[in-house]
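All heavy atoms count here, side chains included; hydrogens, waters and symmetry mates do not.
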Amino acid sequence: MPSNPFTRFSLDALLESTTDAVAAVDAQLCVVFANDTCCQLFRRASGRELELGMPITARWDEPERGRFEALYRRALGGESFVVEIELPVGESQVLSSVRFSPIQSPDGVVGVVTIARDVTAQRGAESALRRIARGVVSATGEEFFQKLVASLTEVLSVRVAYVARFGADGLVRSVAVQEGAAPGKPFARPQDDTPCAELWGAPGQVCFSPRCEASCCQRECWLGVREHAGIALLDSHGEPIGSLGVAHDVPFADPGHVGAVLEIFATRAAAELERQTQLEELRRSERLEAVARLAGGIAHDFNNLLSIILATASTELEDLPPDLPLARSLSDIRDASEGTARIVRELSALARAQEVSPEPTDLRASLARMESVLRRLVGPGVELVLHLGNEPAIAHTDGHQLERVVVNLVKNARDALPGGGRIAVAARRAAEGVELTVADSGAGIAPDVLPHIFEPFFSTKPADQGTGLGLASTYGIVRQLGGTITVASEPGRGATFRVCLPAASGAAPSSGASDTEPPPPSVDTTVLVLDDDPAQRSLASVLLRRSGFRVVTAADGGEAQRVMQAQSVDVLLADVVLPESSGPAVAQALKSQHPTLATLYMSGYTDAVLSEHRVSRETAAFIAKPFTRTALAAAVRAARAQVT
């Protein structure tokens, strides 16, 4: 029969190797075996050595002695069980999970084996998790994040806890920061300048960065911190959207416990962060929708008034020598009206209420054509540099709207350089599409301002120097074009705006256009002006007569029908929105009786309102209010040419 490899020696070695405290007693509760861990525990608890043959209960006084004897007698009765016992060790308490097992022999139970395991840290971690969970279980949004970081600093005994969000601009911004017992200072810093930069590339894993006092932790809320632990927060698609972390002045007492707590709460924090981001996007959309409704009414009312002011001033200027004081005053009125019209157009763009006609557009060619305009825009003292590259950068976008984006961004960059500086504009093909960047060498944007940079009516300029609509309208245009716009900036390092537009599959169309002027109108061309506003009818009539047209007017569809029955009309100039009908409805009724009637629509409403009346600037003859005499005359000629 082969010898048993597990000799008494090897069994003793096996029991000595475990970190659990193992002891065996006989039926009289005298020690017959104790491993080194058990002896050390006994020594720390009683100051005595554990000797073979001594009663196992010798170290306890009543009533603990009676309680332990009862447990051993229970095991001697043949029962195997586990209990948790709190043992005083020095000045602290150690919680042990102790298994009592009877030693069976052919003659019955001859002793008891106890295996004790220190579960103090485990139960402490469970208690910590329960305490944190109680604090955050019913909280949502900002309250959840504030309670989470406050609980982490208290329960884990760390100096700093934080939740941060990753931004598309490459910055990490705090959502909540706790320093000890008080809220910490908010921060915004580049991803590669954070205490645990490696976690960006290790999603879902806790990363520890020891001894980081020599890096970025010298600044802001991590001043003097030696240890940092962080975990990336992942959205529902598995993409990193933020981070949860803690930091301390000295090494963590139990890194495993710290990591486990971060892992447990990372999922909830990530879900709450994603929900908060979605709510912020919804609120932004709701604000833009509210502005869209406001813009429609403002655009209509302002444009009607501006039509009268602008057209009257422009027409009177044609008859006055430019050196007269009255001519200079009228010129100021005209310029002020045009400036007001630009603000109305910015409101329309902000509301994304304008129709766009995307087509293949070469960004390089567009910037090259705009170079002289942009140089006049930035003025002296500012260096403008265009980086156009050698490869095509063709986007699927609206060329006119794109030019507005470029002008707005360059104007914003120029305003950031009151003492002069440099503006770099670049266009290139990127992995995400076609990229346009506008960078300035100015003072940069403060971290507390950066999150609000695209909000409507938000401006850091004095009240008389900005409307707060420039960047907001740019944001609206870019989103309407199907693109994205982000900004990266740090104080003292300027700002870089990055616009990414969808790439086009085809080539950009030729930019060549005919410069041939349409022929002047004949004196027998008759225009019917249909507008319910007497002032607008009168204004259009005056401008058309001064351009050589014959004019008749009508206030509604019924009057227009009577005018058409009484005389021949060549062109119908109709306001789109009428009190009891619409310009397109009246035009359709008139054209059914007069097929050769040319139609030109006019309106001060935004494109969103026009589309409700089935009018598109791209497919119908249309002129927007306010307009000048020259523009109106050209639009009437073009409409007449389409049917002759």
Side-chain angles (χ1 to χ4, degrees), residues 168-170 237 239 281 284-285 288-289 292 295 345-371 373-374 386-413 424-439 453-454 470-488 496-514 606-611 614-620 622 624:
D169 54 6
H237 303 289
E239 297 295 326
E281 281 294 320
R284 180 189 291 272
S285 299
L288 289 177
E289 181 63 28
R345 287 195 295 272
E346 286 183 347
L347 274 173
S348 299
L350 168 65
R352 290 182 273 174
Q354 296 181 325
E355 291 185 354
V356 296
S357 299
E359 61 179 2
T361 303
D362 189 345
L363 264 67
R364 297 184 310 151
S366 296
L367 290 175
R369 287 195 302 271
M370 297 176 66
E371 182 173 3
V373 174
L374 296 178
L386 299 184
H387 299 288
L388 304 183
N390 299 319
E391 297 183 358
I394 301 175
H396 184 67
T397 188
D398 184 308
H400 297 294
Q401 298 291 354
L402 177 63
E403 290 180 0
R404 294 188 61 189
V405 169
V406 174
V407 168
N408 281 353
L409 292 179
V410 171
K411 284 173 59 180
N412 183 75
V425 182
R428 69 183 185 91
R429 183 70 182 264
E432 309 94 311
V434 178
E435 183 180 278
L436 166 73
T437 57
V438 178
I453 202 73
F454 296 117
L471 289 177
S473 65
T474 301
Y475 177 89
I477 293 173
V478 172
R479 291 294 297 270
Q480 191 178 17
L481 293 173
T484 60
I485 179 170
T486 57
V487 57
T496 299
F497 287 83
R498 179 178 179 268
V499 176
C500 190
L501 298 168
S505 56
S510 171
S511 61
S514 173
T606 61
D607 288 336
V609 177
L610 299 182
S611 63
R614 292 175 292 184
V615 173
S616 169
R617 298 174 189 256
E618 303 300 324
T619 59
F622 179 86

>> Please enumerate all residues that pass salt bridge (Lys or Arg N to Asp or Glu O under 4.0 Å) together with R428, with sequence neighbours excluded.
In response: E435
>> Which residues pass the salt bridge (Lys or Arg N to Asp or Glu O under 4.0 Å) test with E371, not counting sequence neighbours?
In response: R375
>> Applying the side chain to side chain contact (heavy atoms under 4.5 Å, CB included) criterion to L367, which one of D362, L402, V406 satisfies it?
In response: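 The single option meeting the side chain to side chain contact (heavy atoms under 4.5 Å, CB included) with L367 is V406.
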>> Which residue is it: T437, L363, L436, L388? I am looking for the one with a side chain to side chain contact (heavy atoms under 4.5 Å, CB included) to V425.
In response: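 Option passing the side chain to side chain contact (heavy atoms under 4.5 Å, CB included) with V425: L436.
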>> Within the structure provided, determine whether F497 and N412 are in side-chain contact (heavy-atom separation under 4.5 Å).
In response: yes
>> Quick one, L409 and V499 - any side-chain contact, counting heavy atoms below 4.5 Å?
In response: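 A side-chain contact exists here, since the closest heavy-atom pair is under 4.5 Å.
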Between [X] and [Y], which heavy-atom pair has the shortest distance, and what is it?
| X | Y | answer |
| --- | --- | --- |
| A413 | V438 | CB-CG1, 4.2 Å |
| G433 | C500 | N-SG, 4.1 Å |
| P360 | H396 | N-ND1, 4.5 Å |
| P502 | G482 | CD-O, 3.7 Å |
| R429 | A393 | N-CB, 4.2 Å |

> When rounded to the nearest 0.5 angstrom, what is the spacing between OH in Y475 and OG1 in T484?
Replying inline: 9.5 Å
> Under 3.5 Å, side chain of R364 to main-chain N/O of E391, donor-acceptor pair present?
Replying inline: yes
> Who pairs with A439 by side chain to side chain contact (heavy atoms under 4.5 Å, CB included), at least two apart in sequence or on another chain?
Replying inline: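 For A439 the side chain to side chain contact (heavy atoms under 4.5 Å, CB included) partners, ignoring immediate neighbours, are T496.
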